[in-house]
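Have a look at the structure below before the remarks.
Position 1 is the first residue of the sequence, and the numbers go up from there. Every value quoted in this text rests on a predicted model; they were computed, and no experiment measured them. Side chains are part of it too, since the values below use all heavy atoms of this structure and drop only hydrogens, waters and symmetry mates.
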Amino acid sequence: MTAHQTSPPLSVISDLARDMAPSQRFQQLLATIRQVLPCDAAALLQLRGTELIPLAVDGLSTDTLGRHFVTDDHPRLARILLSHEPVRFAADSPLPDPYDGLLHAVEGDLHVHDCLGIALYLQGVPWGVLTLDALNANAFDQIDPAELRYLARLSEAVIRVTELTNQLQSRTEHHQAMTQALVADGQQQLIGSSRAMQQLQREIEMVAHSDLAVLITGETGVGKELVARQVHGLSNRARAPLIYLNCAALPENLVESELFGHTRGAFSGAVQSRVGKFELAHGGTLFLDEVGELPLTVQPKLLRALQSGEVQRVGSDSHHQVDVRIIAASNRDLHREVAEGRFRADLYHRLGVYPIAVPSLRERNKDVLLLAGHFLEQNRRRIGLRGLRLDASAREALLAYSWPGNVRELEHLISRAVLKAQAGQDGNRRLLTISAELLALGGPQSDIPQQTLAATVNTTLPLAQSLRDATEHFQVQLIRQVLEKHQNNQSRAARELGVDRGNFSRLVRRLGI
């Protein structure tokens, strides 16, 4: 608000108090600020633990919303947060700017601009920060600090209205606890604002507080485990353990022991008694990942445990009563597996009381940019870089790609591109830029050796085959060629194909190779 500008009219403040989604209200707040202040970008970030999370940005690239700014890594944000007065940084400040390269108006490195920030408080407790940036190094010379303080009070009022009208206080605390649990486990949060992700979040919140069994379905790499963790974290069992079992990674003769435990001497190699996953999960949640890979011989025993709440250790005559909520996940069509006799219908219905379908990345529109920003920030911290950004060509390439490997493929792609960018640049650069060329999005099978892919694709497929049959035919031909290349060494073949060794062995058996 310079001398020739006026304060926001009451109608604008009234608009901000109207019933609307929190993201819309915050976005409108930033748009209003940019109307009355000479800035090229504004951002509203909420403090959660030791991180500042962007809730709305105006004038910054979309991927900024996917980044989490750890205050220890960003001295400018830390200084703003610790000050009760607006903080303005000199154009020649040696402190790195967290938004370098993220302003929409600039594609290249940005070294000189005007930057200020305001700490926001609710009931005397730090809530977050409001940041303003301008390309003109003198843009904020004429702003009266008193007007900035007024702007802070306006922002705090909008935040209070948002939290009261949407009853977010208790939910925010719960989500923060969930976030801390995920971070402690080295996991990521579900990130995205697309309609598909909003629907997924509603489904999670709807079923989390019940004890219904949940069956999570979706393609490989979409984040089914993260959904399971969030269902558990929002449930009444959140303080109890979440026990994980990958059903595809176990030899068939050990699955029953893993689930129910065993006594000493129950079988060869059982040198001591062991508690199974069901007993470990007592009072909490048992997550059965890749449940479609369970052998048919074990499925009746799992069904009996679900129906009675009793488990019997291998080699024991006694039963143990357990209180366990079941969450299962599979990337296979279990309905089809039931129809073809590979999965019990009664177990399928018992597990799938409440089905949740996780959308593929190609269904999530611009979520790919938020996720890319999240992975860029992770890599920046891990490698110790000062800044990472996507140029316009990279953003276009990410949005245009079909993502057959979903979020996991995006994570690996970003990590590779960052390493390439780092290797090809001067170590003194303030900012590394990821281009479409570094992403190398050549196609969904770009990691498979070209001679192998060509030989497989050129194999003639009968026109009458179903998609499933054609896919299995492709898998058989590809696996046979890779096994032949490695003299039937399954570990090396699995490594070349990027498949878990246990999953690969099961796939080989299922396909009859």
Self-check item: Any side-chain heavy-atom pair of Ser210 and Arg325 under 4.5 Å
Solution: yes
Quiz item: From Arg304 CZ over to Phe260 CZ, what is the distance, rounded to the nearest 0.5 angstrom?
Solution: 7.5 Å
Exercise. Just do the side-chain contact (heavy atoms from CB on, under 4.5 Å) check on Val418 and Leu432 with the steps written out, would you?
Key: CA-CA 8 Å; Val418 170; Leu432 292 186; 5.7 Å; no
Quiz prompt | Close side-chain approach of Gln199 and Arg195, heavy atoms under 4.5 Å | solution = no
Quiz item: Can any side-chain N or O of Gln299 pair as donor or acceptor with the backbone N or O of Leu303 at less than 3.5 Å?
Solution: no
Quiz prompt | Residue list, side chain to side chain contact (heavy atoms under 4.5 Å, CB included) with Ala43, at least two apart or on another chain | solution = Leu45, Val57, Leu60, Tyr99, Thr131
Self-check item: Leu288 CG to Asn246 CG distance, which is reported to the nearest 0.5 Å
Solution: 10.0 Å
Quiz item: Within a strict 4.5 Å, meaning less than it, do heavy atoms of the Leu376 and Ile434 side chains meet?
Solution: yes
Practice problem: Please identify each residue that fulfils salt bridge (Lys or Arg N to Asp or Glu O under 4.0 Å) with Arg362, with sequence neighbours left out. | Solution: Glu219
Exercise. Determine the minimum heavy-atom distance between Pro98 and His74, stating which atoms define it.
Key: CB-ND1, 3.6 Å
Quiz item: What heavy-atom pair brings Ala421 and Leu438 nearest, and what distance separates the two atoms?
Solution: CB-CD1, 3.7 Å
Exercise. Determine yes or no for a side-chain-to-main-chain donor-acceptor pair under 3.5 angstrom, with Ser257 supplying the side chain and His262 the backbone.
Key: no
Quiz prompt | Leu234 backbone acceptor or donor facing His209 side chain under 3.5 Å | solution = yes
Quiz item: Out of curiosity, Leu361 CG to Met197 CE, how far, rounded to the nearest 0.5 Å?
Solution: 9.5 Å
Practice problem: Output, in order, the C-alpha distance, side-chain angles, deciding distance and verdict of side-chain contact (heavy atoms from CB on, under 4.5 Å) for Leu190 and Ile204. | Solution: CA-CA 11 Å; Leu190 287 171; Ile204 291 171; 3.7 Å; yes
Exercise. For the pair Ser360 and Glu363, evaluate side-chain hydrogen bond (donor to acceptor under 3.5 Å, both in side chains) and give the outcome as yes or no after the intermediate values.
Key: CA-CA 5 Å; Ser360 63; Glu363 299 176 79; 2.9 Å; yes
Quiz item: What is the minimum heavy-atom distance between Gln321 and Ser308, and which atoms define it?
Solution: NE2-O, 3.3 Å
Quiz prompt | Audit row: Leu413, Arg416, side-chain contact (heavy atoms from CB on, under 4.5 Å) steps and yes/no | solution = CA-CA 5 Å; Leu413 179 80; Arg416 289 196 300 269; 3.7 Å; yes
Exercise. For His282 and Asp323, indicate whether the former's side chain and the latter's backbone hold a donor-acceptor pair under 3.5 Å.
Key: yes
Exercise. May I ask you to test the Leu369-Leu65 pair for a side-chain heavy-atom distance under 4.5 Å?
Key: no
Quiz item: By side chain to side chain contact (heavy atoms under 4.5 Å, CB included), which residues pair with Val298, not counting sequence neighbours?
Solution: Val255, Leu259, Pro295
Quiz item: Got a sec, which pairs hit side chain to side chain donor-acceptor pair (under 3.5 Å) with one end in residues 345-355, sequence neighbours left out?
Solution: Glu203-Tyr354, Arg344-Asp346
Quiz prompt | Greater than 12 external heavy atoms within 6.0 Å of His335's NE2 | solution = no
Self-check item: Pair Tyr401-Glu409, side-chain hydrogen bond (donor to acceptor under 3.5 Å, both in side chains): steps then yes or no
Solution: CA-CA 11 Å; Tyr401 188 56; Glu409 181 184 9; 2.8 Å; yes
Self-check item: Other residues, nucleotides, ligands: >12 heavy atoms within 6.0 Å of Glu437 CD
Solution: no
Self-check item: Name of the residue among Arg313, Arg274, Lys301, Lys277 meeting salt bridge (Lys or Arg N to Asp or Glu O under 4.0 Å) with Glu256
Solution: Lys301
Quiz item: Would you call Arg332 and Glu290 a salt bridge, taking side-chain N to carboxylate O under 4.0 Å as the test?
Solution: no
Self-check item: Distance, nearest 0.5 Å, that separates CD1 of Ile159 from CG of Leu44
Solution: 5.0 Å
Quiz item: Going through the checks in order, is the salt bridge (Lys or Arg N to Asp or Glu O under 4.0 Å) test met by Asp63 and Arg389?
Solution: CA-CA 9 Å; Asp63 63 273; Arg389 66 183 295 276; over 6 Å; no
Exercise. Count the heavy atoms of every other residue, nucleotide or ligand shown that sit under 6.0 Å from CZ of Arg239, and state whether that count exceeds 12.
Key: no
Quiz item: Should the pair Arg381-Glu377 be classified as a salt bridge under the 4.0 Å nitrogen-to-oxygen rule?
Solution: no
Self-check item: Those residues that, when tested against Asp289, pass salt bridge (Lys or Arg N to Asp or Glu O under 4.0 Å) (two or more places apart)
Solution: none
Quiz item: Looking at OG of Ser318 and CD of Glu310, how far apart are the two atoms once the value is rounded to the nearest 0.5 Å?
Solution: 10.5 Å
Exercise. Go through the side-chain N and O atoms of Gln490 and Ser505 and say whether any donor and acceptor fall under 3.5 Å apart.
Key: yes
Practice problem: For Thr220 and Asn406, work out which heavy atoms get closest and say how close. | Solution: O-ND2, 3.0 Å
Self-check item: Student check: side-chain heavy atoms of Leu351 and Leu306 closer than 4.5 Å
Solution: yes
Quiz item: Taking all non-hydrogen atoms of both residues, which atom of Ile191 and which atom of Gly66 are closest, and how far apart?
Solution: CD1-O, 4.4 Å
Quiz prompt | Set of salt bridge (Lys or Arg N to Asp or Glu O under 4.0 Å) partners for Asp72, sequence neighbours left out | solution = none
Quiz item: Does any non-hydrogen side-chain atom of Leu302 lie less than 4.5 Å from one of Leu347?
Solution: yes
Quiz item: Roughly how far, to the nearest 0.5 Å, is CD of Glu411 from CZ of Arg408?
Solution: 8.5 Å
Quiz item: Val161 versus Arg25: any side-chain heavy-atom pair under 4.5 Å?
Solution: yes
Self-check item: Polar side-chain atom of Ser330 near backbone of Val291 as donor-acceptor pair, under 3.5 Å
Solution: no
Quiz item: Do NZ/NE/NH1/NH2 and the carboxylate oxygens of Asp211 and Arg237 come within less than 4.0 Å?
Solution: yes
Practice problem: Apply side-chain contact (heavy atoms from CB on, under 4.5 Å) to the pair Leu122 and Val125, showing each step before the final yes or no. | Solution: CA-CA 5 Å; Leu122 291 187; Val125 178; 5.8 Å; no
Quiz item: Do the side chains of Asn331 and Lys224 get nearer than 4.5 Å, heavy atoms only?
Solution: yes
Quiz prompt | Partner of Phe287 by side-chain contact (heavy atoms from CB on, under 4.5 Å), out of Leu245, Ile326, Leu242 | solution = Leu242
Quiz item: Val207 and Ile356: which non-hydrogen atoms are nearest, and at how many Å?
Solution: CG1-CD1, 4.0 Å
Quiz item: Should Asp367 and Arg364 count as an ion pair when the cut-off is N to O under 4.0 Å?
Solution: yes
